[in-house]
Participant: 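The structure follows.
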Amino acid sequence: MDALQNTYGDSALSALTAHTAPHELERLLEIDIESEHADISSRIAFSLSKILRENPSKISAEIVKNIEIPENSLVSSVKAVGPYINFYASELFFEKSLREILGGICFHRKGRVIIEHTSANPDGPLHIGHLRNACIGDALARILRHAGYDVETQYYVNDMGKQVAILVSGMRYMKIDEKKKIDHAIAEIYVKANKIIEEDEEKMREVEELMRKYEQGDSETVRKYEEVVEKCLNGIRETLHKLGIYHDRFVWESEFVRSSDVSDVVKALERSGRLIVHGNAVLLKMESVDKDLVIRRSDGTSLYSTRDIAYHRWKSERCDFMIDVLGKDHELVAKQLGEALDILGVKRPEILIFEFVSLPEGSLSTRAGRFISVDELIERAVARAYEEVARRRDDIDEEKKRKIANIVGIGAMKYDMVRVSPEKNMVFNIEEAIDIEKKGAPFIQYAHARASSILREAEKRGISDNGVNKNDLKNDLKIEHSSERALLMKLAMFDAVILRACDERKPHIVAKYARELAEVFNQFYRDCAVLSARDDVRSSRLLIVKCVRSVLKTSLNLMGIEAPEEM
RNA sequence: GGGCCCGUGGCUCAGCAUGGACAGAGCACCGGCCUUCUAAGCCGGGGAUCGCGGGUUCAAGUCCCGCCGGGUCCGCCA
């Protein structure tokens, strides 16, 4: 800014700042972080050229001439390249970022947040669509938590739907296959019962009867429901736990019917004057979407959407904001929910919509029994990883091989789900997902294992990194190679990446960063020998490796992926 | 029919919010690199009308309009 002023005097500066608040300084300077040509670059000459009616390249050259870099600056040099002004980071900048990483970067996002994800119906095992939901939701929860938020994850149990009623009715005349994993056995019953009901009206009436009784809280019906729902949930939880995904709380939608929550919501909506009576049913007039919301059926029973309103009102009282991770098919319903909550004066949840996952052979359907279960996927991914481990490591025992295969196989699956931006449709090709992709999780895990290996070896040889515990690393950091510098730069971006992924609710940003960090680390690994370097360089590099390992591990963990010490 | 999302090398994706320096990766393909900290790695090569057409701009993959293709939703289901 000073340079700008020295170059063109107050007139240009005031012309530029006339409509700009001071906090928009960054915008004003048109700064590009981590462009490929510089560490930081400014495009301000473009906008100045308009005001000054002057060639932008000339302007940037003039500005650079007037820039004086102070002692101990985070910037080491400035260059004008055509219309661009390029800034380059100093060693001090890298030292500062390493110190922050070693000290544990502290983020200061504050507030309580409830993230709801997965919430699969308790009528069978998780399939590939749920996997995407769970992986995105879990990663998001981890990222927000890391950024400082107080996060609670919830699984909303849809126990009042027709599906569950069909299942409960099927349990009357069918037995659970004990040999199978419980959620799979339940799905079998559900599919069969569904077929039977299609052809048998008597059975259909029975289902409706069950739904009525459950809503009324008939104790025998409730007991039957709870038994089967709980069983299925156990199966689902087992799958989620294999993936390292744990919900803090399971909330049953029936709770809101049995308490007065649902009826309270209906009463409150009545007071809004937006309800329309249609026969015996009650509808809520919608303005933002072209579809009114049914609040109560003709027979007086509640609907999913009504209970969902009650659930969100309940949630909203327990947090500062909430995020729902939902499939694209829920978009309209989510909009209706939002408007209903507006009417009630309850804050809306943020909705993170993810697009559908389809199979190469067509769409998925639980009802038709056409899906790939997550359990099957896990099994195949881990088996594939095991082949790989067995091929490379005959020096380790069986247990270790299995452990690594588990970490790698599951990591590959999860990474595949997180790396793609949620709004993209995905065609899920099982062979490709299971394939230990070159630049997927295994690639990042491998880089972590390499870093760990260096540090392990250093310890074994009794080599210490002198700089680690010093408050001032100055003169300890030796940057001798361009790969080293590139790695340090990438490391320095870490905190910005986390905050961006957090604030924009985009876990895939972390996925991309982790892959890039692994890549530059591998290049560093090729170019810069650590243990055999001369003493001062060695301790500097050891320090860098330590930071890389830490950041790789954190990045993987933010995606819910484990970082193996060796593989 | 209407709403929303997607359309970037053969395949899978990043980049689009806040327009700028040659459109980046990976897979697959071709060719190199293990006496040195794990080759699940590294280096090099070929391969792209950024769906199509218009507009705004000094500058468009990015913003606006129209169209085409794919997905999804439009139940007193959840």
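Within every chain, numbering begins at 1; the chains are lettered A, B, ... in the order of the sequence lines, protein sequences first and strands thereafter.
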Participant: Using whole Å, report how far CG of A:D292 lies from P of B:G3.
Facilitator: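 Rounded to the whole Å, the gap is 18 Å.
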
Participant: Sort out the partner of B:A39 for me: Watson-Crick or G-U wobble, both distances under 3.5 Å, none otherwise.
Facilitator: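 Its partner: none found.
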
Participant: Considering only NZ, NE, NH1 and NH2 on the basic side and carboxylate oxygens on the acidic side, decide whether A:E388 and A:R384 come within less than 4.0 Å.
Facilitator: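 Salt bridge flag = yes for A:R384 with A:E388.
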
Participant: Report the nucleotide, chosen from B:C76, B:A40, B:C37, that has the shortest atom-to-atom distance to any side-chain atom of A:E388.
Facilitator: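 From the listed options, B:A40 comes nearest.
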
Participant: Let me know the distance between CG of A:N425 and P of B:C73, rounded to the nearest Å.
Facilitator: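 Interatomic distance, CG of A:N425 to P of B:C73: 12 Å.
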
Participant: What's the closest nucleotide to the side chain of A:V420 if the choices are B:A14, B:A21, B:C42?
Facilitator: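 The answer is B:A14, which lies nearest to the side chain.
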
Participant: So, does A:R419 get its side chain near the phosphate of B:U12, meaning an N or O under 4.0 Å from OP1 or OP2?
Facilitator: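 No.
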
Participant: Ignoring the backbone of A:K424, work out which of B:A40, B:C76, B:C6 is nearest its side chain.
Facilitator: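 Closest of the options to the side chain of A:K424: B:C6.
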
Participant: Is A:H508 near enough to B:G15 that one of its side-chain N or O atoms lies under 4.0 angstrom from OP1 or OP2?
Facilitator: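 Answer is yes, contact under 4.0 Å.
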
Participant: Please give the nucleotide sitting opposite B:A60 as a Watson-Crick or G-U wobble pair, both distances under 3.5 Å, or none.
Facilitator: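 No nucleotide pairs with B:A60.
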
Participant: Starting at atom CZ of A:R461, determine the distance to atom P of B:U36, rounded to an integer number of angstrom.
Facilitator: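 In whole Å, B:U36 P lies 12 Å from A:R461 CZ.
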
Participant: Taking the nucleotide of RNA chain B with the closest heavy atom to each, which residue, A:L531 or A:G440, is nearer the 5' end?
Facilitator: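 Checking each residue's closest nucleotide, the 5'-ward one belongs to A:G440.
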
Participant: At under 4.0 Å, does any side-chain N or O of A:K328 touch on OP1 or OP2 of B:U72?
Facilitator: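 So the side chain of A:K328 is outside the cut-off, no N or O lying under 4.0 Å from OP1 or OP2 of B:U72.
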
Participant: Where the side chain of A:D292 meets the backbone of A:M286, is there a donor-acceptor pair that is under 3.5 Å apart?
Facilitator: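 Yes; judged by distance alone, with no hydrogens or angles, the pair exists.
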
Participant: Mind checking A:T301 for me? I need base, sugar-phosphate or nothing, with any heavy atom below 4.0 Å counting as a touch.
Facilitator: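 The answer is nothing, as A:T301 stays clear of every strand by at least 4.0 Å.
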
Participant: Any side-chain to backbone donor/acceptor pair from A:S119 onto A:Y156? Under 3.5 Å, distance only.
Facilitator: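 Yes.
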
Participant: Could you tell me the Watson-Crick or G-U partner of B:G26, where both distances fall under 3.5 Å? Say none if there is no partner.
Facilitator: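 The base-pairing partner of B:G26, which may sit in any strand shown, is B:C11.
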
Participant: Checking all strands, does A:E565 fall into the base, sugar-phosphate, or nothing category for heavy-atom contacts under 4.0 angstrom?
Facilitator: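 Base, at least one base atom sits under 4.0 Å.
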
Participant: Base, sugar-phosphate alone, or nothing: which one does A:V164 contact when heavy atoms must sit under 4.0 Å apart?
Facilitator: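 Touches nothing.
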
Participant: Rounded to whole Å, please give me the gap between CD in A:E457 and P in B:U36.
Facilitator: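 Roughly 13 Å, once rounded to whole Å.
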
Participant: Could you tell me whether a side-chain N or O of A:E516 sits under 3.5 Å from a main-chain N or O of A:K490, the two making a donor and an acceptor?
Facilitator: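 Looks like no, no N/O pair under 3.5 Å.
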
Participant: Both distances below 3.5 Å, Watson-Crick or wobble geometry, any strand: find the nucleotide opposite B:G66.
Facilitator: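 When the pairing criteria are applied, B:C52 turns out to be the nucleotide that pairs with B:G66.
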
Participant: Choosing from B:A25, B:C37, B:A78, which nucleotide comes nearest the side chain of A:R515?
Facilitator: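 Between B:A25, B:C37, B:A78, the one nearest the side chain of A:R515 would be B:A25.
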
Participant: Going by distance alone, is a donor N or O of one side chain under 3.5 Å from an acceptor N or O of the other, for A:E215 and A:S302?
Facilitator: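 The answer is yes; a qualifying pair exists.
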
Participant: Among B:G26, B:A78, B:C6, which nucleotide sits nearest the side chain of A:E519?
Facilitator: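 The listed nucleotide nearest to A:E519's side chain is B:G26.
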
Participant: Between A:K335 and B:C73, is there a contact of a side-chain N or O with OP1 or OP2 at under 4.0 Å?
Facilitator: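 Checking B:C73 against A:K335, no side-chain N or O comes under 4.0 Å of OP1 or OP2.
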
Participant: Using atom CD of A:E355 as one end and atom P of B:C13 as the other, report the distance to the nearest whole Å.
Facilitator: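 Spelled out: CD on A:E355 to P on B:C13 is 12 Å.
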
Participant: Would A:N425 and A:E355 count as having a side-chain donor-acceptor pair, cut-off 3.5 Å?
Facilitator: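 There is such a pair between these side chains.
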
Participant: In whole Å, what is the span from the NE2 atom of A:H481 to the C1' atom of B:C42?
Facilitator: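 My rounded result for the distance is 12 Å.
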
Participant: Is any side-chain N or O of A:N522 closer than 4.0 Å to OP1 or OP2 of B:G41?
Facilitator: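 So the side-chain polar atoms of A:N522 never come under 4.0 Å of the phosphate oxygens OP1 or OP2 of B:G41.
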
Participant: So A:S298, base contact, sugar-phosphate only, or nothing? Heavy-atom distance under 4.0 Å.
Facilitator: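 Base, at least one base atom sits under 4.0 Å.
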
Participant: Quick one: is A:K291 getting a side-chain N or O under 4.0 Å of the B:G2 phosphate, OP1 or OP2?
Facilitator: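 Answer no for this pair, as no side-chain N or O of A:K291 is under 4.0 Å from OP1 or OP2.
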
Participant: Just the rounded figure in Å: distance from P of B:C42 to CG of A:L487.
Facilitator: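 Answer to the nearest Å: 13 Å.
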
Participant: Which nucleotide, if any, forms a Watson-Crick or G-U wobble pair with B:A17, using both distances under 3.5 Å?
Facilitator: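 B:A17 is unpaired by these criteria.
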
Participant: Taking 4.0 angstrom as the limit, do A:R205 and A:E209 come out as a salt bridge?
Facilitator: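 Result for this pair is no, no salt bridge flagged.
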
Participant: To the nearest Å, give me how far apart CZ (A:R307) and P (B:C77) are.
Facilitator: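 So the CZ-P distance, A:R307 to B:C77, works out to 10 Å.
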
Participant: What form does the base of B:C52 take, syn (within 90° of 0) or anti?
Facilitator: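 Classified anti.
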
Participant: When all nucleic acid strands are considered with a 4.0 Å heavy-atom cut-off, which category describes A:V389: base, sugar-phosphate, or nothing?
Facilitator: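 Base contact.
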
Participant: Answer with base, sugar-phosphate or nothing: what part of the nucleic acid does A:V294 contact at a heavy-atom distance below 4.0 Å?
Facilitator: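 Here A:V294 touches the backbone only, sparing every base.
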
Participant: With a 4.0 Å cutoff (strictly under), does any side-chain N or O of A:R297 reach OP1 or OP2 of B:A78?
Facilitator: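 Answer yes for this pair, as a side-chain N or O of A:R297 is under 4.0 Å from OP1 or OP2.
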
Participant: Using the side-chain heavy atoms of A:D329, tell me which of these nucleotides is nearest: B:A21, B:C37, B:U72.
Facilitator: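 Ranking B:A21, B:C37, B:U72 by closest atom to the A:D329 side chain puts B:U72 first.
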
Participant: Looking at A:R393 and A:E566, is there a salt bridge between them, counting it only when a charged N and a carboxylate O are closer than 4.0 Å?
Facilitator: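 Yes, charged N to carboxylate O under 4.0 Å.
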
Participant: If only side-chain N and O atoms of A:R526 are considered, is one of them under 4.0 Å from the OP1 or OP2 phosphate oxygen of B:C43?
Facilitator: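 Result: yes.
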
Participant: When you match A:Q523 and A:R450 each to their closest nucleotide on RNA chain B, which lands nearer the 5' end?
Facilitator: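 The residue mapped nearer the 5' terminus is A:R450.
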
